[in-house]
Colleague: 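Right, I'll just put the structure down here and ask away after.
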Protein chains: 2
Amino acid sequence: MVKKRITLKDVAERAGVSYQTVSKVLAGQGSVSTETRARIQTVVRELGYRPNIRARNLRVQRSHLIGYSWQPEPPDLYNPILEKFLQSIIQSAEQQNHHILTFAWQQETDQLEEYHSLVQSGRVDGLILSSIDFNDRRVAYLMDLNFPFVAFGRANPEWDFAYIDVDGGTGLRQMTEYLLALGHRRIAVLAWLESSRTGEDRLQGYYRAMQQAGVSYEKGWIVHGENIVSAGYDGAGQFLQRPPAERPTALIGMSDTLAIGAMNAAHDLGLTVGRDVSISGFDDAPLSQYLQPPLTTVRQPIWEVGQRSIELLFQIMDDSAPAERQILLPPRLIIRQSTGEPNQ
Amino acid sequence: MVKKRITLKDVAERAGVSYQTVSKVLAGQGSVSTETRARIQTVVRELGYRPNIRARNLRVQRSHLIGYSWQPEPPDLYNPILEKFLQSIIQSAEQQNHHILTFAWQQETDQLEEYHSLVQSGRVDGLILSSIDFNDRRVAYLMDLNFPFVAFGRANPEWDFAYIDVDGGTGLRQMTEYLLALGHRRIAVLAWLESSRTGEDRLQGYYRAMQQAGVSYEKGWIVHGENIVSAGYDGAGQFLQRPPAERPTALIGMSDTLAIGAMNAAHDLGLTVGRDVSISGFDDAPLSQYLQPPLTTVRQPIWEVGQRSIELLFQIMDDSAPAERQILLPPRLIIRQSTGEPNQ
DNA sequence: TGGCTGAAAGCGAACGTTCGCCCGAACGTT
DNA sequence: AACGTTCGGGCGAACGTTCGCTTTCAGCCA
């Protein structure tokens, strides 16, 4: 049996005051004499009183809870970025005395209905969304309702809502420029599906860098696929089996996951990564620096994305119209040994 | 402005009944005529009524929330096992209409005080704990309070509480037996700190296998360290720099993280993993199969651990005394190319 | 005709807070 | 002496449910 719950009334009775006075003391407001204040505080300690959060939530119409809506990966996959992001918002929220409530969201089954209840039932005070897609229905719905939320990632550019994102276009541009500077001319890309807003955004960086350097590129150097290791393996395989003279000398993966697939393909074809072919990734996943060879990649400031998302959400919930509602953070090029000068 | 909330009373007024009757209809209990029932349901849909969860929580004294207490890693580290575990409990809990509330727990700062409030304030109906240590104060406290919880991992064997764990001893025994069968005799272990209950438990499996095979082993073949890549690197470096005749032919890492460190050390010393030295891990982290060479390891049934933890917790919360309160799941040996017959 | 039964729906209370208002005493001012 | 102010603290209400009890009334039987 869990011990009986101690309420304000229990404390009040023992301290010989009304229970509302106890509430005042605990909230630190209203005028109460120093003696009664002290007396009440002693009793509170003696009894080990803790305010009942459920009752408070009902009364003040807040829950001190923040929802996090994301698309879960299948058990056998993993997404290092989203996992770090979750850690980051959890910790940031806790510093503000809030907690994170996680909500899985299946794009296919599309249970917007559940969203209705989630938001309107008062379970959470605000929402963080990730795995945003271009015409994300959650975003549209929340905007319509004027419910406080912040998205990690951009959607339809015509929509005006609060988001934080990493400027992947700039990241890929830097990577491309770096490879061009090393002397590479035939640079292929292992990209995501064309429906991915983030993916297309990053590709723009590649195009910009190539055009600015006056290097022509073929449509065929971009291969689209899912963000899984095997897609990287297959895509890289296609490129690397061509005759050396027309084979790309560098492969840019749109994620570390794709790059790992590419590294495995190169290895299986007897090519040495970093010498025979340069391979780069995007994310700087925890283990990427320990691969053989260590992976050149673009690091996302994921921890900062999480912190700023929470920060921004609190501003919105407080109604203090934030200065910036759309924040783009720059990523950083991390050069390791999986890239080098072209061999030929 | 968020739109005004619709309550039972709004529905009742429009349907021409008392609000308690509406509640009855929604709960599906009590006797209400078919006509009024239908009429109420129409109004509910028209108005888009959603019950206020905060009020319900107060009334029924439950929150439909489950707390998850774990020790966060520093931002630059990562623990693939715990991350999958979290995913798993989130999904399992959602299937039962509950959500997970995450609580960071710093062992050092030891704010048990916060635990008091967490539990006694009625924020959560039950708790899942991970990162358990031998004399875990959370466990002691919750047992004393008789609050429903399930731990992922074991603590002081004298304590009787509900836990789920993976039988790491058996895992390491299988691994050791497999290496012995390949012909290895000098088998070293990269272990965790001696204060780790889980670590010592796994080591027992190694001892058992070696003794049973009648193979003598030296105390010095076990090196203890933190669960980070560099500890694996350093530990392996010590072993592999010895003269070939007395150098271990196989290295067992107590985690994939340590094994990756060891693989890097071997590489830097010019040794080929799987031929010159066998290296194995523990966990089967998502990327381990894509390392060069792919890592032989012990797979933890982590998804199942999560599911069963939630299942067990619900049984405890329902007071239906569960058949088994202590569950040990067997891990599985995954053989890949980082291990092979000894070279000499 | 009187009384019993059961279905349908209403009513009051409670969950444990917070918040605004009111009241009385003490004190100071004109 | 009458009046205003301030301080300490009490009181009632409300947040939106659920739950159990009571009331009403129609139907039926003796």
Side-chain angles (χ1 to χ4, degrees), chain A residues 2-41 43-44 47-65 97 117 119-125, chain B residues 2-41 43-44 47-65 97 117 119-125:
Chain A
V2 178
K3 286 156 192 164
K4 194 203 164 293
R5 171 150 290 140
I6 291 149
T7 72
L8 276 183
K9 292 187 183 170
D10 299 319
V11 176
E13 194 182 356
R14 184 137 167 191
V17 292
S18 77
Y19 67 92
Q20 293 94 333
T21 307
V22 180
S23 173
K24 274 183 198 163
V25 169
L26 262 37
Q29 42 172 247
S31 50
V32 181
S33 73
T34 345
E35 307 102 78
T36 37
R37 181 180 301 275
R39 185 154 36 93
I40 288 173
Q41 268 156 355
V43 177
V44 163
L47 261 43
Y49 167 77
R50 322 270 154 186
N52 182 317
I53 298 208
R54 290 189 285 240
R56 174 182 298 168
N57 286 346
L58 173 60
R59 175 61 229 227
V60 303
Q61 302 283 51
R62 296 194 59 176
S63 62
H64 277 254
L65 256 30
N97 276 315
S117 350
V119 168
Q120 307 220 338
S121 65
R123 232 209 216 302
V124 296
D125 297 338
Chain B
V2 179
K3 286 155 192 163
K4 194 202 164 294
R5 173 150 288 140
I6 292 149
T7 72
L8 277 183
K9 292 187 183 170
D10 300 320
V11 177
E13 192 181 358
R14 185 137 166 192
V17 292
S18 78
Y19 66 92
Q20 293 95 331
T21 307
V22 180
S23 173
K24 275 183 198 163
V25 169
L26 262 38
Q29 43 172 244
S31 50
V32 181
S33 73
T34 345
E35 307 101 77
T36 36
R37 181 180 302 275
R39 184 155 35 93
I40 287 174
Q41 268 155 357
V43 177
V44 163
L47 261 43
Y49 166 78
R50 321 271 154 187
N52 182 316
I53 297 208
R54 289 188 286 240
R56 174 182 296 169
N57 285 347
L58 173 61
R59 175 62 228 223
V60 303
Q61 302 282 54
R62 295 195 57 176
S63 61
H64 277 253
L65 255 31
N97 277 313
S117 346
V119 167
Q120 308 219 338
S121 65
R123 230 209 216 300
V124 296
D125 297 337

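Labels below follow one simple rule: chain letters A, B, ... track the order of the sequence lines, proteins then strands, and each chain is numbered from 1.
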Colleague: Are B/T21 and B/I40 close enough that some pair of their side-chain heavy atoms sits under 4.5 Å apart?
Modeller: yes

Colleague: Among B/V43, B/L26, B/D10, which residue meets the side-chain contact (heavy atoms from CB on, under 4.5 Å) test with B/Y49?
Modeller: B/L26

Colleague: Considering every strand shown, what is the Watson-Crick or G-U wobble mate of C/dT30 when both distances are under 3.5 Å?
Modeller: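 Result: D/dA1.
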
Colleague: Can you tell me which residue among A/L8, A/V25, A/I6, A/V11 is in a side-chain contact (heavy atoms from CB on, under 4.5 Å) with A/V44?
Modeller: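 Going through the options one by one, the only one that passes is A/V11.
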
Colleague: Work out which heavy atom in A/L65 is nearest to a heavy atom in B/R123; give both atom names and the distance.
Modeller: CD1-NH1, 3.6 Å

Colleague: Atom NZ of B/K24 to atom P of D/dC21: distance rounded to whole Å?
Modeller: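 For the pair B/K24 NZ and D/dC21 P, the rounded distance is 12 Å.
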
Colleague: Closer to the 5' end of DNA chain C via nearest nucleotide, is it B/G16 or B/R59?
Modeller: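 On the 5' side of the pair lies B/G16.
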
Colleague: Need one value for B/S23: base, sugar-phosphate or nothing, where a base atom within 4.0 Å counts as base even if backbone is also close, heavy atoms only.
Modeller: base

Colleague: Check the phosphate of D/dC7 against A/S31, side-chain N and O only, distance under 4.0 Å to OP1 or OP2. Yes or no?
Modeller: no

Colleague: Please give me the minimum heavy-atom distance between A/D125 and B/R54, naming the atom from each residue.
Modeller: OD1-NH1, 4.0 Å

Colleague: If only side-chain N and O atoms of A/T21 are considered, is one of them under 4.0 Å from the OP1 or OP2 phosphate oxygen of D/dG9?
Modeller: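 False: A/T21 side-chain N/O out of range (4.0 Å or more) of D/dG9 OP1/OP2.
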
Colleague: Does a nitrogen or oxygen in the side chain of A/T36 sit under 4.0 Å from OP1 or OP2 of D/dG9?
Modeller: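 Result: yes.
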
Colleague: Evaluate the criterion side-chain contact (heavy atoms from CB on, under 4.5 Å) for residue pair B/T7 and B/Y19; output intermediate values, then yes/no.
Modeller: CA-CA 9 Å; B/T7 72; B/Y19 66 92; over 6 Å; no

Colleague: For B/L58 and B/V32, take the nucleotide of DNA chain C holding the closest heavy atom to each; which residue's nucleotide lies nearer the 5' end?
Modeller: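 The residue closer to the strand's 5' end, by nearest nucleotide, is B/V32.
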
Colleague: Reading DNA chain C in the 5' to 3' direction, which nucleotide is the first one with an atom under 4.0 Å from a heavy atom of chain A, and which is the last?
Modeller: C/dG16 to C/dC19

Colleague: May I have the distance from A/Q29 (atom CD) to D/dG9 (atom P), rounded to whole angstrom?
Modeller: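 Going from A/Q29 (CD) to D/dG9 (P), I get 15 Å.
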
Colleague: Record whether the side chain of A/Q20 comes under 3.5 Å of the base of D/dG12 through a donor-acceptor pair of N or O atoms.
Modeller: yes

